[in-house]
Amino acid sequence: MDSQIIKQNKTETSKTMRISGSEAVVRSLIAEGVDILYGYPGGAIMPVYDELFKFQDQIHHVLTRHEQGAAHAAQGYARISGKVGVAMATSGPGATNLVTGIADAQIDSTPLVCITGQVFSHLLGSDAFQETDIVGISTPVTKWNCQVTKAADIPKALAKAFYIAKSGRPGPVLVDITKDAQIGELDFEYEPCKGVRSYIPVPKTNPDDVKAAAELINSAKKPMIVWGQGVILGQAEEELKTVIEKAGIPAAWTILGASAIPTSHPLNIGMVGMHGNYAPNKLTNECDVLIAIGMRFDDRVTGKLDTYATQAKVIHFDIDPAEIDKNVKTDVAVVGDSKDSLAQLIPLLEAKSHDAWLQKFKDLYAIEFEKVIKGDIHPVKEGLTMGEVLRQINEETKGKAAIVSDVGQHQMIACRYADFNVTKSNITSGGLGTMGFALPAAIGAKMGAPDREVVAIIGDGGYQMNIQELGTIFQTKVPVKIVVLNNEFLGMVRQWQQLFFDKRYASTEMTNPDFVTIAKGYHIDAKRVTKREELADAVKEMIASKDSYFLEVCVEKEDNVFPMVPTGASVSDVRLS
């Protein structure tokens, strides 16, 4: 029932509608514009599921095969659509199975509303069947959470949850609803939340800070930008592009910032971080002004902090005041929404080019290309490489696909070699590094952007952590393309064991099942590639398919991902081999 009918009913009753708490949950979701959610039913959330059944023409529930899959699917949906993802589970193990996805969403700033059922309120604290203190458990990994024990409190709790999840720096929230609240009655009226006392989601940008930033940038001889996901979350892609082009500044990106500016842009100098590009890592410690935009100076980006850009004046644009000076001390902090802050910056910038400085990046890229990239994407060795698989996907998708990667070597290869020509194209687990993320996240991404090609890039290890979500693909018929790069190892751990533990491959070699047979068991078209001459046609067939498709590519077992900044080393110590 839509909001118009609700208004009519309110008029007929002259006040509000008398409904159950569980119906109030569903009506509140519809009022927030939710048309799809992911979850798994159980006893403590059953009243809500009963109401979902009645409203299935307005809100589509996707039955995942595990609650962690529901959380990751909701993340994928949110990341590609810009909307709030919604996941639902029952109490006890259902709720705790959401926690990994919630923690992932928290560190990667993904707007998520998670709804969990809970035992009757009079049983709280009694160790009742499937009782778990999910509010206590999730407090460290949510932006906000609460427990609802009265039906009358449900609409306001959910309105607040959606407001907090999507406002300012986004994040996950959790609303735990006891069973008596679900079956109790209330006079329903839904009012969207427009503010929370003492919570300032978007601090007002100080024009003096923007002016100070512009003065530093205008006086710089060797400026460098590093942008992160804050640009995408703030919908500031065009403003960033204008800043870069007007001021002529070489610009690099963090993993989650990838795709805000097309890969092919002449001032896009590549990825920073542990497995980022050689030039931006190396020259971070040579720039005279470092401009960080919507990024948080994660340790994988900075390496050894006391040697990170110590020669540079640091300007930090961020919506979250807590990120300022948290890891890297700034000379100028511009706190506020990235779109607004950059818009204020643009007219204050002088039109410039830094050709000699930019040439340094090009020269170092040429070194990286000869020593690393060429061998990755145009190998002469007999075995297939992960890089050439990504090159083939680029050729078929023209860099317009959304790439959903899992965690490991294949993730770094995907981030390094995928062409990102459309924003919101790199969906991966950044801060938490959650293996098992990609398969369910790809399901959510495809549902959030059904007109886009969605390709999941997964290692054989992470794939098996949530392989059960093939059942969700089978049941929903969502046309996700799945590529498993199979090296029969937990590749990233094996690489570290090779480089730092004298090749003691402790518990990293995988004995894998027949992935193709498993996919076919779920009625998904599948193929295995073991030879280079088979690869191009297999990728073409996969991308051309209108249905879901599974492609296993057997790659070199002991290939490594370079460049690499060893843990605890300076970014200047980035290794090419």
Side-chain angles (χ1 to χ4, degrees), residues 40 62-66 68-70 72-73 76 382-386 388-390 392-393 396 401 403-411 413-414 435-446 453-491 494 507-559:
Y40 204 97
V62 177
L63 175 64
T64 58
R65 296 308 187 260
H66 192 284
Q68 183 182 345
H72 291 326
E382 183 179 345
L384 286 158
T385 66
M386 297 184 186
E388 65 182 310
V389 179
L390 267 297
Q392 203 63 52
I393 291 171
E396 292 300 324
I403 303 296
V404 185
S405 57
D406 212 78
V407 173
Q409 286 182 316
H410 64 280
Q411 176 191 35
I413 291 292
M435 292 176 68
F437 171 87
L439 186 59
I443 294 170
K446 184 62 179 177
E453 192 72 75
V454 174
V455 181
I457 306 293
I458 317 178
D460 49 309
Y463 182 56
Q464 292 178 86
M465 287 197 168
N466 273 316
I467 194 171
Q468 76 284 340
E469 297 309 327
L470 291 175
T472 306
I473 293 173
F474 174 44
Q475 184 165 346
T476 61
K477 309 301 180 190
V478 60
V480 171
K481 309 301 168 60
I482 308 157
V483 180
V484 166
L485 302 177
N486 183 3
N487 58 11
E488 298 182 338
F489 268 108
L490 297 176
R494 185 213 55 75
S507 302
T508 48
E509 191 162 9
M510 304 283 287
T511 300
N512 291 318
D514 185 335
F515 291 129
V516 169
T517 296
I518 291 172
K520 288 182 176 179
Y522 286 99
H523 298 274
I524 296 170
D525 288 340
K527 182 170 286 188
R528 177 184 294 109
V529 169
T530 60
K531 298 176 182 177
R532 183 162 289 117
E533 54 268 26
E534 303 169 338
L535 180 62
D537 287 345
V539 172
K540 182 183 286 289
E541 180 180 318
M542 176 184 71
I543 298 301
S545 174
K546 301 299 183 185
D547 301 315
S548 54
Y549 194 104
F550 173 84
L551 179 63
E552 176 187 4
V553 184
C554 299
V555 297
E556 283 279 329
K557 291 186 68 170
E558 296 186 57
D559 269 357

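The two residues Lys527 and Ala538 have their closest heavy-atom pair at CD-CB, 4.0 Å. Smallest separation of non-hydrogen atoms from Val404 and Ala445: CG2-CB, 4.2 Å. Taking each heavy atom of Ile457 and Ala438 in turn, the nearest pair found is O-CB, 4.3 Å.
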*Tell me, with the steps shown, if Lys481 and Leu551 meet side chain to side chain contact (heavy atoms under 4.5 Å, CB included).*
CA-CA 8 Å; Lys481 309 301 168 60; Leu551 179 63; over 6 Å; no
_side chain to side chain contact (heavy atoms under 4.5 Å, CB included) between Met386 and Asp559, intermediate numbers included_ = CA-CA 9 Å; Met386 297 184 186; Asp559 269 357; over 6 Å; no
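Although no hydrogens or angles enter the test, the distance criterion places no donor-acceptor pair under 3.5 Å between the side chain of Gln409 and the main chain of Gly459. Side chain of Arg65 to main chain of Gly471: a donor-acceptor pair is present (N/O by atom type, distance under 3.5 Å, no hydrogens or angles). No donor-acceptor distance shorter than 3.5 angstrom exists from the side chain of Asn487 to the backbone of Glu556, with no hydrogens or angles considered. Side-chain atoms of Asn466 come within 3.5 Å of backbone N or O of Gly436 as a donor-acceptor pair.
One distance of note links CG of Asp406 with CD1 of Ile458; it measures 5.5 Å at 0.5 Å rounding. Taking CD of Glu558 as the start and CD of Glu488 as the end, the distance is 11.0 Å to the nearest 0.5 Å. Expressed to the nearest 0.5 Å, how far CE of Met542 lies from CD of Gln392 amounts to 10.0 Å. Between atom CG of residue Leu485 and atom CG of residue Asp460 there is a gap of 9.0 Å, rounded to the nearest 0.5 Å. Here the CD1 atom belonging to Ile473 is positioned 14.0 Å from the NE2 atom belonging to His523, to the nearest 0.5 angstrom. To the nearest 0.5 Å, atoms CE (Met465) and CD (Gln68) are separated by 8.5 Å.
In this structure, Glu534 has no salt bridge (charged side-chain N to carboxylate O under 4.0 Å, His left out) partners at least two apart in sequence or on a different chain. Residues satisfying the salt bridge (charged side-chain N to carboxylate O under 4.0 Å, His left out) test with Lys540, not counting sequence neighbours, are Glu396. In this view, His72 and Phe437 satisfy the ring pair (Phe, Tyr, Trp, His ring centres under 6.0 Å) rule, not counting sequence neighbours. With sequence neighbours excluded, the residues that form a side-chain contact (heavy atoms from CB on, under 4.5 Å) with Tyr40 are Leu63, Glu67. For the salt bridge (charged side-chain N to carboxylate O under 4.0 Å, His left out) test, no residue two or more places apart in sequence or in another chain qualifies with Lys446. With sequence neighbours left out, the side chain to side chain donor-acceptor pair (under 3.5 Å) criterion links Asp547 to no other residue. A search for side chain to side chain donor-acceptor pair (under 3.5 Å) contacts involving Arg528 returns Asp514, Glu552, not counting sequence neighbours. Annotation: side chain to side chain donor-acceptor pair (under 3.5 Å) contacts of Glu469 (sequence neighbours excluded): Thr472. Annotation: side-chain contact (heavy atoms from CB on, under 4.5 Å) contacts of Val407 (sequence neighbours excluded): Gln411, Ser429, Met435. Residues satisfying the ring pair (Phe, Tyr, Trp, His ring centres under 6.0 Å) criterion with Phe489, sequence neighbours excluded, are Tyr505. Residues meeting the ring pair (Phe, Tyr, Trp, His ring centres under 6.0 Å) test with Tyr549, sequence neighbours left out: none. For Glu509, the salt bridge (charged side-chain N to carboxylate O under 4.0 Å, His left out) criterion is met by Lys557, not counting sequence neighbours.
Between Tyr463 and Phe515, the two ring planes are perpendicular [angle over 60°; tilted spans 30° to 60°].
Between Val483 and Val539 there is no side-chain heavy-atom pair separated by less than 4.5 Å.
Asn512 and Gln464 are linked by a side-chain donor-acceptor pair at a separation below 3.5 angstrom, with hydrogens and angles left out of the test.
Each of Val484, Leu470, Ile518 was evaluated against Phe550; a single residue qualifies, Val484, per the side chain to side chain contact (heavy atoms under 4.5 Å, CB included) test. Val389 pairs in a side chain to side chain contact (heavy atoms under 4.5 Å, CB included) with only one of the listed residues (Val529, Leu384, Val553), which is Val553.
Within a 6.0 Å sphere centred on NZ of Lys477, heavy atoms belonging to other residues, nucleotides or ligands number more than 12.
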